[in-house]
Structures are given as C-alpha cells and as structure tokens.
Participant: 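Structure in structure tokens, see below.
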Amino acid sequence: MGRVLLAAPSGFCAGVARAVETVELALARHGAPVYVRRQIVHNRRVVERLRDLGAVFVEEVDEVPSGGVLVLAAHGVAPAVRDAAAGRGLRTVDATCPLVTKVHREARRYAGLGYDILLIGDPGHDEVVGTVGAAPGRTHVVHGLEGARTLELAHPGRLVWLAQTTLAVADTARVVAELRGRFPGLQDPPSDDICYAAQNRQAGARKLAEATDLVLVVGDVNSHNSGRLVEVARAGGTPAHLVDDPAAIDDRWLAGVDVVGVTAGASAPAESVEAVLAELAARGYPEVSTVRVAREGLRFSLPRELTEFDA
Ligand code: SF4
C-alpha cells in the first residue's frame with residue numbers, strides 16, 4: 001500500500017472563491033440568466049456548475065442583450081471592455097481579482113510617469129490581455145526567457161517590469177535577470193505581482209517534489225497557475241502531471257511509486273481534489289497526510305456593484 005501527501009494550502013484562492021461567489025450571488029439577486037464574459041475562472045467543472053445554475057458564458061460583451069447583467073471574470077479586462085459594456089447599457093459586476101487590479105493600477109501609474117512597462121507573462125492569457133489594455137502603447141509583453149532575449153525597444157527610456165500574477169517565481173527571476181542584463185536601468189515593481197496564492201502553491205509543489213515519487217496537480221488544462229505547479233515539481237526532479245479527470249491517471253505513472261504528492265491549482269474546486277484522492281485510494285493509496293507550507297486566511301469583499309443594485 002502506498003500513501004498520499006497532500007499540499008496545503010491548495011485549491012481555491014481568495015480571488016477565485018470571490019469570483020464564483022459573485023456569480024452565485026448575482027444569480028440569486030437577479031435571477032437567470034446572468035451573463036459571464038469568458039470563463040469566470042479557468043476550470044471546466046466550475047463553469048459547468050455555474051451554467052447549470054443559470055449563468056450564460058459569452059466571449060464578448062456584444063453577445064449580451066441590452067440591460068443584461070454581466071459578470072467580468074477574475075482575470076480582469078481592459079478598460080475598453082468595461083466601456084463596451086457601459087455602451088450597451090449592461091449592469092456590470094466586476095469580479096476581477098483585487099490582486100490583478102493592483103497590477104493594472106501599477107501599469108497605469110508607471111505609464112503616467114512616462115515609463116515603458118515590460119510585462120512578463122503569456123501574451124495569449126486573458127489576464128495579460130487585460131493588463132496590456134490598462135496601459136496600451138506603453139506595455140511590452142515578455143514571454144519567458146526567449147521573449148527577454150529577443151525583445152526590441154525602439155527607444156528604451158525609463159523601464160519597469162511587472163508580471164502576470166500566476167507565474168513561477170524562479171522562472172520569473174531568470175527572465176528579470178536576462179532583461180536587466182540587456183536594460184541595466186530596469187526598475188523592479190513596488191511589490192510582488194506574483195500573488196500569495198501562486199507563491200504558496202508553488203512552495204507546496206516544491207515540498208512535494210522533495211518528499212514524494214510522483215506529483216499530481218489537480219487542475220484544468222487551461223489553468224495557467226496549475227501548469228506552473230507541474231513545472232515547479234518537475235524542476236524539483238520529480239515526475240509530475242496535470243490531472244483534470246481522475247480516470248486519466250495512468251497506471252504507468254504509479255509503477256514503483258510509494259508516495260504520491262497531490263496539490264491543486266488556485267482554480268480547482270475541492271470536489272476535484274476529493275475525486276483524485278478517491279481514485280488514488282482505489283488504486284492502492286488510501287492513507288492521506290497533509291504537508292502545510294503556509295496558512296491562508298485572506299478573503300476579499302464582494303464587488304460593491306452587487307449591493308449597489310439593491311438600492
Ligand atoms: Fe487572485 Fe492570485 Fe487567485 Fe489569481 S491566483 S485570482 S491573482 S488570488
């Protein structure tokens with residue numbers, strides 16, 4: 001019989017919990033349908049459950065009928081999206097995580113001071129698209145080390161780097177070092193952009209990599225922070241896989257494995273973690289103990305638009 005080490009904290013962060021609760025509360029207050037732009041959080045199960053409750057997921061605001069209630073997802077949006085929603089007379093509830101909003105504020109402030117912003121992140125990710133929109137024309141997306149090596153700036157002046165909130169800490173440090181080698185005056189952000197939840201889950205993945213033979217990360221394939229956890233565990237020298245569906249756990253992964261490490265991305269619900277633990281128990285890993293790397297008590301207040309609608 002093998003055993004499981006479960007990282008704590010893992011699973012939902014404060015920003016995801018707030019976004020999900022926002023949609024639930026909007027549905028309770030206004031009734032279905034409530035429209036949600038893009039995936040409220042990057043997890044298929046969460047999206048399906050909210051769809052069953054009456055949420056309608058759209059790609060863009062022009063799919064929402066005039067006067068409809070629209071929830072903006074946790075990853076944040078460019079101001080142009082809010083303007084478009086206002087232009088259609090939508091009642092908008094902004095579920096952008098406050099820690100993403102903080103990065104938007106930094107981008108606007110530095111752009112206002114005449115800086116160019118080197119935003120380290122995935123150019124295709126909704127969060128990065130939203131942050132670029134906060135300071136358009138001043139923000140240059142740097143995608144990994146290769147992006148840092150190939151970035152071309154026509155007139156490099158005052159420069160500051162900012163980051164997508166869910167990046168891997170160690171990779172980001174390497175990208176910053178590369179950028180600083182090329183642009184020595186590069187300024188650091190005023191505070192960590194990589195959020196507490198991503199950092200804690202990465203610390204947990206590192207711990208699991210040290211203490212286990214295999215790391216399973218519960219999360220959706222399009223969850224950026226979950227993907228980083230797989231990379232962090234592998235960087236620690238331990239095989240690691242992303243698991244969305246417990247049935248997809250491959251028996252070959254478990255061959256010769258005594259201790260399986262389990263963690264979950266910030267958008268993975270507790271039910272998904274429980275389903276993976278149940279599957280592991282059925283495959284000979286019934287004993288679960290927890291390895292705690294941090295305590296999290298953070299909670300964000302709900303968007304004020306929800307209470308303003310009541311007035
Ligand atoms: Fe907010 Fe961090 Fe959670 Fe993203 S991962 S929603 S930035 S707390």
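Side-chain atoms are counted along with the backbone in the values below, which use heavy atoms only and exclude waters and symmetry mates. If you're wondering where the values come from, they're calculated on a predicted model, not measured in any experiment. As the structure lists them, so they are numbered: ligands from 1, and atoms in each ligand from 1. Count residues from 1 along the sequence.
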Participant: Could you tell me how the ring of H241 sits relative to the ring of W253: parallel (under 30°), tilted (30 to 60°) or perpendicular (over 60°)?
Facilitator: parallel
Participant: Just to verify, which of R138, Q187, R109 counts as forming a side-chain hydrogen bond (donor to acceptor under 3.5 Å, both in side chains) with Y115?
Facilitator: Q187
Participant: Before giving the answer on salt bridge (Lys or Arg N to Asp or Glu O under 4.0 Å), spell out for R37 and E59 the whole-Å C-alpha distance, their side-chain angles and the decisive distance to 0.1 Å.
Facilitator: CA-CA 6 Å; R37 182 180 179 274; E59 275 301 296; over 6 Å; no
Participant: Establish, yes or no, whether a centroid distance under 6.0 Å links the rings of H75 and H125.
Facilitator: yes
Participant: Just how far is it from atom CG of L214 to atom OG1 of T238, taken to the nearest 0.5 Å?
Facilitator: 8.5 Å
Participant: With atom 2 (Fe) of ligand 1 as the centre, enumerate protein N/O/S atoms below 2.8 Å in chain and residue order.
Facilitator: C195 SG
Participant: Sort out for me which residue in V93, T92, L25 forms a side chain to side chain contact (heavy atoms under 4.5 Å, CB included) with V71.
Facilitator: V93
